[in-house]
Amino acid sequence: MPELPEVETTKRFLSRKIVGKTIKKIEVLSTKQLIGDTKLVINRKILGIDRRAKILIVCLENKIFLLIHLKLTGQLVYSGSSGEREVVFGHPIPLAGGNVLPGRSTRIVIYFNQGILFFNDLRKFGWIKIAQNSKVKDQNLEKLGTEPLSKDFTPKLLAKILSRSRRPIKLVLMDQEKIAGIGNIYANDTLWEAGINPRKPANQVKRVKELCLAIKKVLKEGIKYGGSSTDDEAYIKPDGTPGQYQYQARVYQRDGQPCRQCGTLIQRTKISNRGTFFCPKCQK
DNA sequence: AGTATCCTGGAA
DNA sequence: TTCCAGGATACT
């Protein structure tokens, strides 16, 4: 999905709804997006949900895990109003946000003893992997970098990471093997918050302490506002309603609008083919 | 370090 | 008809 704040929002919502419930059935409508043996999870109870970077980790009984990555357009939407049903496609469920499920981009449906979880993904890049005895789990998580909201993520560590690369700072912030969970939205906004130009070579960045604080501040704000929903086919919260961070965005998708600090028009460019937004006056 | 690629659909 | 999109990886 979406990025750390969106996955964290999803994790918190789903934790309240599905922990303690038992998976009764999984319907796979897009075969290549479900990796592993679905039989492993049937009749297993959910013990808890974790997040690592942008990956959601559903922990089941017997050391079975469901790893979920929503990539660009994944959504997890929960409906508690219905129990197990044989044919959900004959019985659309209305949601708070005005959507109806299952929809045209519904790819996987997970039925609990009470409630249904829909995995929607327009572009089909996302996946759900079933891991046993931590094997697949470790494989997917071992290369990830430091969690930016952990206490391990200090200005000192960030300085070390930045000193090792001459790539544009924005790309280093988005490198999951260095810092885990920042994507395009929050990389753009973090750099505005710290007053750093996204093209600045990482090893030339001087305001490291400010950048470290900006990363934590912007990500926490993303979580506080329930993530960013800029397009209704992309991220929405598990209750079907949109997040609110997009209204707080510093620069992301604000090209042509005035900088919140100096009024200069926000510019748009490309770095490594990704849309990049910045204030030419505030970010040097 | 840069580019192509997995997909789909809406906008320009 | 072409371009664009929140991600990540496998290639030159």
Side-chain angles (χ1 to χ4, degrees), chain A residues 1-10 29-35 51-56 67-77 99 102-108 119-129 136 139-145 148 164-191 198-203 218-219 221-223 225-238 242-256 268-277:
Chain A
M1 144 164 26
E3 313 179 23
L4 186 153
E6 288 74 27
V7 182
E8 181 66 23
T9 299
T10 301
L29 306 165
S30 173
T31 321
K32 56 172 293 193
Q33 292 186 265
L34 192 302
I35 297 117
R51 177 192 60 75
R52 178 77 170 96
K54 303 171 190 173
I55 297 173
L56 209 59
L67 305 190
I68 307 177
H69 199 313
L70 295 106
K71 294 291 182 86
L72 276 78
T73 56
Q75 308 173 329
L76 286 171
V77 185
N99 301 322
R104 66 177 173 181
S105 60
T106 296
R107 310 299 182 200
I108 295 168
F119 175 80
N120 301 330
D121 184 11
L122 174 66
R123 289 173 72 181
K124 296 186 174 179
F125 291 160
W127 43 253
I128 298 181
K129 294 183 185 176
V136 179
Q139 197 176 22
N140 276 274
L141 307 183
E142 67 186 353
K143 293 175 82 175
L144 292 168
R164 289 177 177 166
S165 175
R166 289 174 298 186
R167 301 167 75 204
I169 176 67
K170 184 185 176 221
L171 296 180
V172 176
L173 293 186
M174 293 172 66
D175 184 338
Q176 301 303 301
E177 294 184 18
K178 298 192 168 66
I179 307 170
I182 300 176
N184 204 27
I185 299 175
Y186 298 97
N188 278 293
D189 273 17
T190 288
L191 288 168
R199 274 191 211 284
K200 186 128 183 150
N203 60 357
V218 172
L219 290 176
E221 201 176 310
I223 294 169
Y225 284 96
S228 179
S229 300
T230 57
D231 170 345
D232 51 347
E233 282 285 5
Y235 169 75
I236 51 175
K237 291 189 281 182
Q244 301 293 120
Y245 179 81
Q246 64 275 21
Y247 304 116
Q248 314 297 324
R250 283 112 175 116
V251 290
Y252 183 72
Q253 289 191 348
R254 291 193 69 245
D255 45 318
R268 177 191 180 128
T269 183
K270 279 195 166 187
I271 295 178
S272 213
N273 223 27
R274 306 297 299 278
T276 299
F277 306 83

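Here the structure is a predicted model, which is why all the values come from computation and not from measurement.
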Protein-nucleotides 10-12 of chain C N/O pairs closer than 3.5 Å?
none

OP1 or OP2 of [N] versus the side-chain N and O atoms of [X]: is any pair under 4.0 Å?
| X | N | value |
| --- | --- | --- |
| A:Lys270 | C:dC4 | yes |
| A:Arg274 | C:dC4 | no |
| A:His69 | C:dG7 | no |
| A:Lys71 | B:dC7 | no |
| A:Lys143 | C:dT9 | no |

Qualifying residues under salt bridge (charged side-chain N to carboxylate O under 4.0 Å, His left out), relative to A:Arg268, sequence neighbours excluded: none
May I ask whether A:Phe125 stacks on the base of C:dA8, given the cut-offs of 5.5 Å between ring centres and 30° between planes? no
Please write out the pairs of protein N or O atoms and N or O atoms of nucleotides 8-12 of chain B separated by less than 3.5 Å, giving the distance to one decimal.
residue, atom, partner, partner atom, Å
B:dT8, OP1, A:Lys124, NZ, 3.3
B:dG10, OP1, A:Arg104, NH1, 3.2
B:dG10, OP1, A:Arg104, NH2, 2.8

Can you tell which of C:dG7, C:dA5, C:dG6 lies closest to the side chain of A:Arg268?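 Closest nucleotide to the A:Arg268 side chain: C:dA5.
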Can you tell which of B:dC6, B:dT3, C:dG7 lies closest to the side chain of A:Ser272? B:dT3
Taking the P atom of each, how far is B:dG9 from C:dT9, in whole Å? 25 Å
In chain order, what residues pass the side chain to side chain contact (heavy atoms under 4.5 Å, CB included) check against [X], with sequence neighbours excluded?
| X | value |
| --- | --- |
| A:Glu177 | A:Lys143, A:Asp175 |
| A:Lys129 | A:Ile35, A:Leu67, A:Trp127, A:Val136, A:Asn140 |
| A:Arg274 | A:Lys170, A:Met174, A:Asn184 |
| A:Ser165 | A:Arg167, A:Val172, A:Ala202 |

Quickly work out the A:Trp127 CH2 to C:dG7 C1' distance and round it to whole Å. 11 Å
Atom CG of A:Leu141 and atom C1' of C:dA8: how far apart are they, to the nearest Å?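 About 15 Å, once rounded to whole Å.
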Under 6.0 Å between the ring centres of A:Tyr225 and A:Tyr247? no
Near DNA chain C, under 4.0 Å by heavy atom, which residues of residues 180-188 of chain A?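 Close to the strand are A:Gly183, A:Asn184, A:Ile185.
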Tell me, what's DNA chain C's dot-bracket, Watson-Crick or G-U with both distances under 3.5 Å, | for other-strand, [ ] crossing? |||||.||||||
Contacts of A:Arg166 meeting side chain to side chain donor-acceptor pair (under 3.5 Å) (sequence neighbours excluded), chain-then-number -> none
Could I get the full list of side chain to side chain donor-acceptor pair (under 3.5 Å) partners for A:Arg199, not counting sequence neighbours? A:Thr269
Just call it for A:Ser105: base, sugar-phosphate, or nothing, with non-hydrogen atoms closer than 4.0 Å on any strand. nothing
Once ring-ring contact (aromatic ring centres under 6.0 Å, His included) is applied, do any residues pair with A:Phe119, and if so which ones, sequence neighbours excluded? none
When you check the side-chain N and O atoms of A:Gln246 and A:Tyr235, is any donor under 3.5 Å from an acceptor?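 Looking only at side-chain atoms, A:Tyr235 and A:Gln246 do not form any donor-acceptor pair under 3.5 Å.
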For the side chain of A:Gln248 and the backbone of A:Glu221, is there at least one donor-acceptor N/O pair under 3.5 Å apart? no
